Amino acid sequence: YNKFWDNFGKSIKMGVIEDTPNRSKLAKLLRFKSSSSDGKWRSLESYVENMQEWQKDIYYLASDSEESVKKSPFLEVAKKKGIEVLYLTEPVDEYVFQHMSEFEGHRMQSLSKEGINFGDEDEDVLKKRTKMYKENFKPLTKYMKETFGSLINKVTVSQRVENTPAVIVTGQYGHSANMERIMRAQTFASGENVNMMKAQKTLELNPRHPIITALLTKVQSDPEDQATKDLSMLVYDIALSAS
């Protein structure tokens, strides 16, 4: 099958985008590498067969190469939970999933967008924990939004990542950072077009990370200190480059 996919893979992807009546049939022919495929091609049917018992959605992450997607902080929690993540590394891949929002009743979910819920935790416990983090870190999220201004749409607290201080995510229905990069590279992407393509960016802070808890303490004790602002900007810059 690898030889067939190498020869006809791009045509099948274009078929999923353009051939609406046969989209569900063509979707079964799609192949992607993943966090669990050990460098081999994985079908969506195979992905669904191997999902966790509590898992409802199909998760994917887009980047410009397999090497970069493997290093993404967005994979941290998914790896910890044993969730397989599809790697989308060709420019056409995100267009494919924009035209195919679900497969066999399972939603396609980008790990780099807002609203990720893996579904393995008690909803009430999750809501209470989220509310607690939001209240505790309110001085920091407010301070950082004021500091960054128009650079960021909003600042929130999230349990999306495990080891990273912060990430920048995009709106559920807008362009991902990877899609924005692809569109910028196209010849028509200049001037007003670029501004129209810009994603709504949210800075999500990891409340369990020592840098973030230290920054909260700094904001509460001395928000006017230049060192506090410098550390905030460092967190933003790291999140931007990693995300």
Side-chain angles (χ1 to χ4, degrees), residues 35 57 59-65 67-80 83 85-89 91 93-94 97-98 108-118 130 133-134 136-185 189 194-216 218-219 228-243:
S35 58
D57 300 333
Y59 297 98
Y60 67 89
L61 190 58
S63 189
D64 59 350
S65 69
E67 291 72 27
S68 64
V69 79
K70 284 178 179 178
K71 296 175 184 175
S72 173
F74 292 118
L75 287 178
E76 290 174 359
V77 172
K79 280 183 178 178
K80 183 182 178 183
I83 294 172
V85 180
L86 299 175
Y87 295 162
L88 275 56
T89 56
D93 289 345
E94 281 200 272
F97 280 6
Q98 282 180 357
M108 318 298 286
Q109 287 275 69
S110 169
L111 288 183
S112 68
K113 292 195 171 186
E114 287 183 312
I116 288 295
N117 184 352
F118 291 108
T130 301
Y133 279 137
K134 185 177 180 180
N136 290 349
F137 283 83
K138 191 171 183 179
L140 179 57
T141 55
K142 183 181 178 184
Y143 170 85
M144 294 183 92
K145 177 60 182 116
E146 290 172 353
T147 300
F148 301 139
S150 61
L151 287 174
I152 210 83
N153 188 46
K154 59 183 175 179
V155 183
T156 62
V157 178
S158 156
Q159 298 159 71
R160 175 189 295 269
V161 288
E162 188 72 16
N163 306 313
T164 304
V167 290
I168 291 176
V169 302
T170 55
Q172 184 67 35
Y173 302 105
H175 296 308
S176 69
N178 184 65
M179 182 64 80
E180 186 180 328
R181 177 187 61 78
I182 291 168
M183 297 176 78
R184 278 175 178 274
V194 170
N195 291 328
M196 289 172 65
M197 293 168 201
K198 283 184 178 178
Q200 292 289 311
K201 297 179 179 68
T202 297
L203 180 67
E204 289 191 356
L205 308 177
N206 178 358
R208 299 179 302 275
H209 198 282
I211 289 178
I212 300 303
T213 54
L215 191 51
L216 173 63
K218 278 181 169 292
V219 166
T228 305
K229 184 176 181 181
D230 290 345
L231 183 56
S232 295
M233 293 306 298
L234 181 60
V235 167
Y236 171 78
D237 288 341
I238 291 172
L240 192 63
S241 60
S243 303

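Here the structure is a predicted model, which is why all the values come from computation and not from measurement.
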Side chain [X], main chain [Y], donor-acceptor under 3.5 Å:
X	Y	answer
S241	I238	yes
E162	E76	no
R160	L111	yes

Stepwise side-chain contact (heavy atoms from CB on, under 4.5 Å) check, K134 with V157
CA-CA 6 Å; K134 185 177 180 180; V157 178; 5.7 Å; no
Measure across [X] and [Y] and return the closest heavy-atom pair with its distance rounded to 0.1 Å.
X	Y	result
L61	V85	N-CG1, 3.8 Å
A242	P73	O-CD, 3.5 Å
Y87	S35	OH-CA, 3.2 Å
Q109	I116	CB-CD1, 4.2 Å
K218	L231	CD-CD2, 4.1 Å
V161	R208	O-NH2, 3.0 Å

Hey, what do you get for [atom1] ([X]) to [atom2] ([Y]), rounding to the nearest 0.5 Å?
X	Y	atom1	atom2	answer
N153	T170	CG	OG1	11.0 Å
E146	T141	CD	OG1	9.5 Å
S65	K71	OG	NZ	8.0 Å
E204	Q159	CD	CD	10.5 Å
K79	N163	NZ	CG	10.0 Å
D57	I83	CG	CD1	9.5 Å

What I want to check is whether the side chains of T156 and S158 have a donor and an acceptor closer together than 3.5 Å.
no
Please determine, by modelled atom types, if S232 and T147 share a side-chain donor-acceptor pair under 3.5 angstrom.
no
Quick one: sort the F97 and Y60 rings into parallel, tilted or perpendicular, breaks at 30° and 60°.
perpendicular
Step-by-step side-chain contact (heavy atoms from CB on, under 4.5 Å) determination, I168 to Y236:
CA-CA 8 Å; I168 291 176; Y236 171 78; 3.9 Å; yes
Just do the side-chain contact (heavy atoms from CB on, under 4.5 Å) check on L203 and K145 with the steps written out, would you?
CA-CA 9 Å; L203 180 67; K145 177 60 182 116; over 6 Å; no
Take L205 and M144 through the side-chain contact (heavy atoms from CB on, under 4.5 Å) test and state the conclusion after the steps.
CA-CA 10 Å; L205 308 177; M144 294 183 92; 3.7 Å; yes
Would you indicate whether the side-chain heavy atoms of L215 and F137 approach each other to under 4.5 Å?
no
Beyond-backbone contact of H209 with T164, side-chain heavy atoms, under 4.5 angstrom:
no
Would you say that more than 12 heavy atoms from the other residues, nucleotides or ligands in this model lie under 6.0 Å from the NZ of K229, or not?
no
